[in-house]
Protein chains: 2
Amino acid sequence: MGSARLGPNLTRIAASLGISVATVSNALSGKGRVSVELAERIRATAAALGYVPSQAGRALRTGRSGVLGLVLPDISNPLFPQIAQAIEHSAAVAGYGVLIADSRGDIGMQSEAIQRLVERGVDGMVIVPRRGTRIADAGCPVAVIDTPSTPGNTVSADHWQGGREIARHLRNLGHRKILLIGASSASSVQNDRIGGFKSALDATTIKTEVLWIEKLEERDGPGCLLGLADKVQQGFTAFAAVSDLHALRALTELQRAGIAVPDSVSVTGFDDLIWSPVVTPALTTIRMDITAIAEIAITALVSAINNGKPIKTMRPGDASADEPLPGNRLVIAEKSRVPMQLVVRQSSGPLRLAKTKLSAENS
Amino acid sequence: MGSARLGPNLTRIAASLGISVATVSNALSGKGRVSVELAERIRATAAALGYVPSQAGRALRTGRSGVLGLVLPDISNPLFPQIAQAIEHSAAVAGYGVLIADSRGDIGMQSEAIQRLVERGVDGMVIVPRRGTRIADAGCPVAVIDTPSTPGNTVSADHWQGGREIARHLRNLGHRKILLIGASSASSVQNDRIGGFKSALDATTIKTEVLWIEKLEERDGPGCLLGLADKVQQGFTAFAAVSDLHALRALTELQRAGIAVPDSVSVTGFDDLIWSPVVTPALTTIRMDITAIAEIAITALVSAINNGKPIKTMRPGDASADEPLPGNRLVIAEKSRVPMQLVVRQSSGPLRLAKTKLSAENS
DNA sequence: TAGGCCTGATTAAACGATTAATCATTTCAC
DNA sequence: GTGAAATGATTAATCGTTTAATCAGGCCTA
């Protein structure tokens with residue numbers, strides 16, 4: 001109460017200069033017609049009084065809150081910091097604030113989180129959906145970051161291409177029997193990465209196999225061993241994880257078993273998470289350009305909010321969408337897939353002869 | 001424009017029932033005097049029309065935005081997901097939304113980020129300050145999460161006690177020469193952890209030494225080796241890192257050098273980060289009860305926002321703070337230090353004889 | 001039966017910014 | 001010299017909600 005009373009508003013500035021509020025508003029927003037010298041005086045006193053425009057007043061009048069929502073499948077995901085940071089930065093540049101909403105991995109809570117954001121009056125939202133979830137009506141423009149192969153996706157890294165890159169890298173190092181490590185076959189991102197990986201290799205000369213951790217843990221409990229030493233015995237010489245988290249798991253398990261990386265076998269990851277450069281050996285991985293992704297998503301979203309003519313608006317099951325829809329709309333950006341970049345570090349190396357490896361391993 | 005016009009508001013509900021807006025408002029908020037049956041009818045039609053109260057209108061009238069700010073030193077910190085998740089959850093329970101602001105590790109940007117939040121009209125903010133930063137005037141209640149030893153701290157984990165716990169654990173395992181691994185001596189959190197660690201040990205019987213990674217990297221470049229194999233030669237049998245990130249770095253470096261963990265040496269971390277349970281061997285670490293911390297911080301903050309009588313308000317350099325200050329105020333909670341919990345996993349084990357270790361190591 | 005009290009509802013005034021409409025001047029063209 | 005246009009400012013309505021003040025009856029009491 002008191003604090004609000006104390007803050008200078010347009011009325012106070014107008015009063016202190018003996019002019020009308022409208023003129024002050026026009027001067028500060030640069031929209032109406034105000035003489036240059038008066039505008040200058042207004043800006044000066046506004047600054048002197050420490051004027052801060054009331055978002056509430058503005059929002060009420062304009063119907064815009066100036067806030068975007070960020071919905072994540074699970075904040076505790078290690079990739080989240082980067083996403084949040086990039087989105088926050090792009091949004092701030094575009095003049096928007098970012099409200100976070102966590103669905104804690106639960107599909108039901110995702111709708112709930114979206115609902116909370118809508119109630120707070122966000123102008124639009126960026127959603128990183130949980131495993132192939134369809135986005136329900138949100139009542140505001142929505143940008144989805146998932147996978148290019150997912151319908152409704154706005155923008156994302158080109159996971160397929162990333163998979164191809166890492167596959168070529170390992171093939172060029174001479175590896176011919178490669179184990180892919182993923183968490184869940186239900187993840188479209190992981191499937192894309194694996195699909196791209198396989199697509200780059202000639203199946204007749206290079207043997208691949210997929211290990212799903214989730215399935216393994218159902219049997220052996222969370223945090224169980226992946227049995228990679230056995231795989232090495234079977235002749236696998238490279239382990240390509242679909243995330244740095246799994247790569248790390250593989251790396252430490254192999255090291256613990258006395259198998260040298262990259263001397264005996266190679267290990268690669270995905271995402272270039274924070275620990276990847278500092279572990280020994282530093283992880284070879286694939287980095288996504290999150291800054292670019294965030295920028296594209298925010299740009300598309302803001303464009304859609306501003307009555308997006310340049311942006312196509314669509315609604316599932318509604319082909320004719322010429323006029324901007326008042327309610328829900330999924331935003332599609334021009335450039336929807338951002339290439340991933342291979343980061344070669346020390347955990348991957350050329351294929352060595354099996355005999356050398358085995359002798360070292362059994363000593 | 002169109003979208004706002006379509007959303008049902010109090011006026012529409014009132015009109016559809018042929019009553020006044022005030023009655024509708026009273027019925028929905030349960031504040032004024034409304035007959036039970038009419039209130040019921042109002043709630044019913046509100047639900048039927050899909051009424052969502054306008055935060056903007058409410059904020060303008062009440063002077064409360066219902067939004068809290070979360071300021072972090074660096075969103076890319078691996079601990080951030082947990083903090084954000086916990087804060088978001090506690091805030092949501094208290095009926096608040098959370099706006100994020102990242103200072104990207106830069107001290108100057110911290111003030112800037114705070115300013116942005118103020119401009120968005122947050123009712124209060126939670127700040128995790130960067131390395132011993134003093135919080136400048138924010139113009140709204142502020143809860144600080146740092147270290148109990150920092151002046152102005154509202155609530156935090158008891159890092160000192162956490163250090164003691166891990167020290168006792170290693171001592172009880174028989175270790176007598178322990179290397180502490182930290183990043184920077186400027187961090188008050190890390191200093192507390194190290195201080196607590198040392199305080200639990202008798203310096204005459206147990207030898208400790210501190211390795212500051214930042215100093216090392218200044219010379220050898222980022223991601224350099226820590227030279228732990230040498231330390232092992234010097235007789236160190238346990239490596240207590242001040243963060244799981246550094247513990248991971250130590251673990252992999254030792255493994256790569258052919259030193260078995262925990263058979264030859266022990267490694268411990270701090271914070272129980274996401275990878276800690278899944279690496280091999282799983283990391284022994286100390287977990288902070290972030291849920292409790294977030295809850296306490298939010299409770300104190302909300303209490304201060306609501307004209308906190310039960311909460312002491314203070315201003316640096318102003319001892320007499322009986323009446324609630326309109327502007328800046330640092331919030332202090334009753335219970336300001338939350339104990340940390342030791343999580344024993346496989347990376348720490350009893351001391352083995354040096355000879356066994358060396359022979360294994362040189363094979 | 002008149003005055004007072006309780007109940008259940010209405011009236012109307014904010015909150016702060018935006019903006020279309022309007023009004024007074026001055027300038028300019030014909 | 002008169003009507004039109006441009007300039008620079010003001011007036012007033014509006015966004016949706018909250019809330020103090022008011023009002024109309026019904027009921028009880030003296």
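Here is the naming used below: chain letters follow the sequence lines, and residue numbers restart at 1 for every chain. All of these numbers come straight from a predicted model, not from anything done at the bench.
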Inset, instruction - Round to a whole Å and report the spacing from CZ of Arg58(A) to P of dG16(D). - result: 18 Å
Inset, instruction - Measure from CG on Asn9(B) to C1' on dT18(D) and round the result to the nearest Å. - result: 14 Å
Inset, instruction - May I ask you to evaluate whether Lys31(B) reaches the phosphate of dT18(D), defined as a side-chain N or O under 4.0 Å from OP1 or OP2? - result: no
Inset, instruction - Nearest 0.5 Å please: distance from the CD1 atom of Ile145(A) over to the CG atom of Leu72(A). - result: 8.5 Å
Legend entry - Pairing residues for Val21(A) by the side chain to side chain contact (heavy atoms under 4.5 Å, CB included) criterion, not counting sequence neighbours: Leu10(A), Thr11(A), Ala14(A)
Inset, instruction - Return the value, rounded to whole Å, for the distance between atom CD of Glu37(B) and atom C1' of dA9(C). - result: 12 Å
Inset, instruction - Between protein and nucleotides 5-13 of chain D, map the contacts as a letter string: B base, S sugar-phosphate only, - none, heavy atoms under 4.0 Å, written 5' to 3'. - result: --BBBBB-B
Legend entry - side chain to side chain donor-acceptor pair (under 3.5 Å) against Thr23(A), all qualifying residues, sequence neighbours excluded: Ser20(A)
Inset, instruction - Name all pairs fulfilling the salt bridge (charged side-chain N to carboxylate O under 4.0 Å, His left out) condition that reach into residues 105-124 of chain A, sequence neighbours left out, sorted by first residue then second. - result: Arg116(A)-Glu88(B)
Inset, instruction - Quick one: pull up NE2 in His89(B) and CG in Asp102(A) and give me the separation to the nearest 0.5 Å. - result: 9.0 Å
Legend entry - side chain to side chain donor-acceptor pair (under 3.5 Å) against Thr291(B), all qualifying residues, sequence neighbours excluded: none
Inset, instruction - Specify the separation, in whole Å, of atom CG of Leu10(B) and atom C1' of dC15(D). - result: 12 Å
Inset, instruction - Output all residues satisfying side chain to side chain donor-acceptor pair (under 3.5 Å) with Ser156(A), sequence neighbours left out; order by chain, then residue number. - result: none
Legend entry - Distance (rounded to the nearest 0.5 Å) between Gln110(B) CD and Ile127(B) CD1: 6.5 Å
Inset, instruction - Could you tell me, to 10°, how much the axis swings from one end of the helix from dT1(C)-dA30(D) to dC30(C)-dG1(D) to the other, five pairs per end? - result: 60°
Legend entry - Whole angstrom value for the distance that separates P of dT17(D) from CG of Leu28(B): 9 Å
Inset, instruction - Specify the residues of residues 41-56 of chain A, ordered by number, for which at least one heavy atom lies under 4.0 angstrom from an atom of DNA chain C. - result: Tyr51(A), Pro53(A), Ser54(A)
Can you give me every donor-acceptor pair (side chain of residues 43-54 of chain A, partner residue at least two apart or in another chain, under 3.5 Å) with its distance?
| unit_1 | atom_1 | unit_2 | atom_2 | d |
| --- | --- | --- | --- | --- |
| Arg43(A) | NH2 | Glu40(A) | OE1 | 3.3 |
| Thr45(A) | OG1 | Arg41(A) | O | 3.2 |
| Thr45(A) | OG1 | Ile42(A) | O | 3.0 |
| Ser54(A) | OG | Ala56(A) | N | 3.3 |
| Ser54(A) | OG | Gly57(A) | N | 3.0 |

Legend entry - Under the side chain to side chain contact (heavy atoms under 4.5 Å, CB included) test, residues paired with Val338(B) that sit two or more places apart: Val155(B), Asp289(B), Ala292(B), Ile293(B), Ile296(B)
Legend entry - Which residues share a side chain to side chain contact (heavy atoms under 4.5 Å, CB included) with Ser29(A), sequence neighbours left out: Lys31(A)
Inset, instruction - Give a yes/no on whether any side-chain N or O of Ser25(B) is located under 4.0 angstrom from OP1 or OP2 of dT18(D). - result: yes
Inset, instruction - Nearest whole angstrom, please: distance from the P of dA17(C) to the CG of Leu60(B). - result: 9 Å
